[in-house]
Amino acid sequence: AGAHMVSWLTWGTVETAVLALCTTLFVLMNAGRLGVLTWRPLLFLGGISYTLYLLHQEIGYILIAAFEKLGLDPLSSIAVTTLLMIVLAWLLSRYVERPANRFLRTMYDRWRYKAGAEARSGN
């Protein structure tokens, strides 16, 4: 309530309404009341979100400009770029990020096991 009051005093009504909406959605999500969050396309996007985050801005702007130079209208350029960024993020996530994570976890687990064994043996 205090954050909303400070928001209203410093930002204004519209921003405070947006903050209240975000707070309400967060509370509903934590209470398990937003079944839409288990929708498969959203789960897919959540699974590639970090990779998509890393890729979208720099490569995205370059692609949008390139498509517009080729004669695509801005909205089509954004749509095609969005689709390409999602596909690229999925490919990198599946074939680079996940295998690398598995490898690093395996190496860490081996190191922990070895360190634990050495500690138990007194070495």
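Atom CZ in Phe67 sits 12.0 Å away from atom CG in Asp73 (nearest 0.5 Å). With rounding to the nearest 0.5 Å, the separation of CG in Leu104 from CE in Met107 is 8.5 Å. From Leu54, atom CG reaches atom CE of Met85 across 12.0 Å, with rounding to the nearest 0.5 Å. From Leu88, atom CG reaches atom CG of Leu52 across 9.0 Å, with rounding to the nearest 0.5 Å. Residue Leu45 holds its CG atom at 9.0 Å from CH2 of Trp39, rounded to the nearest 0.5 Å. Here the CZ atom belonging to Arg40 is positioned 7.5 Å from the CG atom belonging to Leu43, to the nearest 0.5 angstrom.
Here the side chain of Thr81 pairs no donor or acceptor atom with the backbone of Ile78 at under 3.5 angstrom. Remark: the backbone N or O of Leu72 is not paired with any side-chain donor or acceptor of Ser76 at under 3.5 angstrom.
Residue Arg94 comes nearest to Pro99 through the heavy atom pair O-CD, 3.2 Å, listed as atom of the first residue, atom of the second, then distance. Here the shortest heavy-atom pairing between Thr51 and Ala89 reads CG2-O, 3.6 Å.
For the ring pair (Phe, Tyr, Trp, His ring centres under 6.0 Å) test, no residue two or more places apart in sequence or in another chain qualifies with Phe103.
In the hydrophobic cluster analysis, where Ile, Leu, Val, Met, Phe, Trp and Tyr join through side-chain heavy atoms closer than 4.5 angstrom, Leu25 is grouped apart from Val18. Under the 4.5 Å side-chain heavy-atom criterion for grouping Ile, Leu, Val, Met, Phe, Trp and Tyr, Leu84 is connected to Tyr95 within one hydrophobic cluster. Using a 4.5 Å cut-off between side-chain heavy atoms of Ile, Leu, Val, Met, Phe, Trp and Tyr, with links allowed through other members, Ile59 and Trp90 fall into the same hydrophobic cluster. Residue Ile62 is not grouped with residue Leu55 when hydrophobic side chains (ILVMFWY) are merged at heavy-atom distances under 4.5 angstrom, including chains of intermediate members. Both Leu70 and Leu63 are part of a single hydrophobic cluster, where members link through side-chain heavy atoms under 4.5 Å apart.
Residue pairs satisfying the side chain to side chain donor-acceptor pair (under 3.5 Å) criterion with at least one member in residues 15-26, sequence neighbours excluded, are listed as follows: His4-Thr23, Ser7-Thr16.
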For Phe26 and Asn30: C-alpha separation, side-chain torsions, deciding distance, then whether side chain to side chain contact (heavy atoms under 4.5 Å, CB included) applies.
CA-CA 6 Å; Phe26 183 76; Asn30 281 332; 3.0 Å; yes
Are Met29 and Leu37 close enough, and set up right, to give a side chain to side chain contact (heavy atoms under 4.5 Å, CB included), and what steps lead you there?
CA-CA 8 Å; Met29 179 189 69; Leu37 295 179; 3.3 Å; yes
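Ile48 has its side chain within reach of Phe44: a pair of non-hydrogen atoms, C-beta onward, lies under 4.5 Å apart. With contacts defined as side-chain heavy-atom distances shorter than 4.5 Å, the pair Ile64/Glu68 qualifies. Taking 4.5 Å as the limit, some side-chain heavy atom of Arg98 sits within range of a side-chain heavy atom of Arg102.
Other residues, nucleotides and ligands place no more than 12 heavy atoms under 6.0 Å from the OH atom of Tyr50.
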